[in-house]
Number of protein chains: 2
Amino acid sequence: MPKEATFSRKEVLQKASAVFHQKGYNGTSMQDLVDSTGLNRSSIYNSFGSKLQLFLEALAFYQSSNNARMNKSLLGHHNASDTIKAVFELYLQDILADKDKKGCLLVNCKSEMANQEANVQSFLENNQERTLAMLEDIVYNGQMERVFNETQSASDYALYLYASLQGLRMTGILHQNEQQLRTLINTILKVIH
Amino acid sequence: MPKEATFSRKEVLQKASAVFHQKGYNGTSMQDLVDSTGLNRSSIYNSFGSKLQLFLEALAFYQSSNNARMNKSLLGHHNASDTIKAVFELYLQDILADKDKKGCLLVNCKSEMANQEANVQSFLENNQERTLAMLEDIVYNGQMERVFNETQSASDYALYLYASLQGLRMTGILHQNEQQLRTLINTILKVIH
DNA sequence: CTATATTTGAAACGTTCATTTCATTCATTA
DNA sequence: TAATGAATGAAATGAACGTTTCAAATATAG
């Protein structure tokens, strides 16, 4: 039997996604990835194929850990109003923790590569669909509970919330005043109540 | 007397900003700029200094032509409600015209470089301040006209509109359904009415 | 212990990067 | 028309790029 890999794939992806997050895809060199992951150049190519494939895996890793965090946070809330607040609270915490103004990796990626790499584009389209579905579900529940506005459809409000989350995340890069951001979130959420 | 420059600086900046918009800063090579501007490599360095300085000038050019377009559009409207609608309409037209999913150069730039280049960051902070001031002015007028909501301050609503514009622009990259985007804009604007 | 299959390290691959150099071309004006 | 000085073209700079190569090291199973 051969020698087995000594590194944890998840740890490598975590470190790789941190570098991509910090510097962007085009701004990250293979040397950056070697340095940050601690892996040998050859090992990266053996295990991940290419810089682009490693990026795609790092993207998926980032997405799934974000999803896990999101689901964990949502579990605690049993009405739609609290649930949607928790979603925005999670984004707010990301913003406040993002002292070096990196923004969201997925949003950055959309800016940088949606028009360049077909694989990245379809990944992002998929991500968008799933996020919209999640939001629509929350809104739908809220409307059933009679706590959310019913003048527009759940899917209309889902798109509104999706755009608002992206706007909040982008705004938060250069505007990290917690109180003003909280006010902003309240303003956003007024529409659906 | 020496020979004078035969190229138009504005035309060069327009072409350069188009390439940067298409490929991003890190994704654009000096060769791309030579090809697209038609200028000689040496002439670019003589006239603009470096790739980064050219980028900063292209950014300023993009911003000022956007502003010019915005001002021209706003001139036609004499009440706050129509004015703010015109602002969003301009963004919508940008989105619908953006078939190759480039997004907004300024937003992309914030994603790619706000955390990397101090000059870019301060440019963007400046841009953000000016945009917020413009929006606050519109909202303030609308509140004076008694057509806008007064439960929150003009600056609160300005931040809300600023975030909404960025969210709309980001969402529009992968979601170009005009009818749904118009519904989204209506939803956004309901808050201030 | 030996054979096996893979990870690893280090060097090298050819290409492309941003930038510089410099002789030549060109439009101006004295 | 001759002197001027910027614009130009083409080549060269060295560094950095993503990727490949391959011998050496390594851990497992027989």
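Labels below follow one simple rule: chain letters A, B, ... track the order of the sequence lines, proteins then strands, and each chain is numbered from 1.
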Seminar exercise, completed: Separation of dT20(C) atom P from Asn46(B) atom CG, nearest Å, is 10 Å
Exercise. Under 3.5 Å, is there a donor-acceptor pair between the side chain of Ser47(B) and the main chain of Ser43(B)?
Worked result: yes
Just the atom pairs and distances: protein N or O near nucleotides 9-11 of chain C's N or O, under 3.5 Å.
residue : atom : partner  : partner atom : Å
dG9(C)  : N7   : Asn40(A) : OD1          : 2.8
dG9(C)  : N7   : Asn40(A) : ND2          : 3.3
dG9(C)  : N7   : Ser42(A) : OG           : 3.2
dG9(C)  : O6   : Ser42(A) : OG           : 2.7
dA10(C) : N6   : Ser42(A) : OG           : 3.0

Seminar exercise, completed: Residues passing the ring-ring contact (aromatic ring centres under 6.0 Å, His included) test with Tyr45(A), sequence neighbours excluded, are none
Exercise. Please give, in whole Å, the distance from dT16(C) C1' to Lys51(A) NZ?
Worked result: 13 Å
Problem set entry | Sidechain-backbone polar pair: His21(B) side chain, Gly103(B) backbone, donor-acceptor under 3.5 Å | yes
For this session: Apply side-chain contact (heavy atoms from CB on, under 4.5 Å) to the pair Gln116(A) and Val120(A), showing each step before the final yes or no.
Result: CA-CA 8 Å; Gln116(A) 312 258 46; Val120(A) 172; over 6 Å; no
Exercise. Within the side chain of Lys99(B), is there an N or O that forms a donor-acceptor pair under 3.5 Å with the backbone of Leu96(B)?
Worked result: yes
Seminar exercise, completed: Correct closest heavy-atom pair for Glu145(A) and Ala80(A) would be OE1-N, 3.2 Å
For this session: Specify the residue among Tyr45(B) and Ser47(A) whose closest nucleotide of DNA chain C lies further upstream toward the 5′ end.
Result: Ser47(A)
For this session: Would you mind reading off the distance between Phe55(B) atom CZ and dA18(C) atom C1', rounded to a whole angstrom?
Result: 16 Å
For this session: Carefully, step by step, assess Lys110(B) and Leu106(B) under the rule side-chain contact (heavy atoms from CB on, under 4.5 Å).
Result: CA-CA 6 Å; Lys110(B) 182 145 97 172; Leu106(B) 292 169; over 6 Å; no
For this session: Strictly below 4.0 Å, heavy-atom distances to any atom of DNA chain C: list the hits from residues 110-124 of chain B, or just say none.
Result: none
Exercise. Backbone N or O of Tyr25(B) within a donor-acceptor pair of the Glu112(B) side chain at under 3.5 Å?
Worked result: yes
Problem set entry | DNA chain D contacts among residues 11-36 of chain A, heavy-atom distance under 4.0 Å | Thr28(A), Ser29(A), Met30(A)
For this session: Taking salt bridge (Lys or Arg N to Asp or Glu O under 4.0 Å) as the test, write out the residues that go with Lys23(A), two or more places apart.
Result: Asp32(A)
For this session: Can you see which heavy atom on Tyr160(A) is nearest to which on Ile188(A), and at what distance?
Result: OH-O, 2.8 Å
For this session: Kindly write out the residues that satisfy salt bridge (Lys or Arg N to Asp or Glu O under 4.0 Å) with Asp156(A), not counting sequence neighbours, or none if the list is empty.
Result: none
Problem set entry | For atom CD1 of Ile44(B) and atom C1' of dG9(D), their distance in whole Å | 13 Å
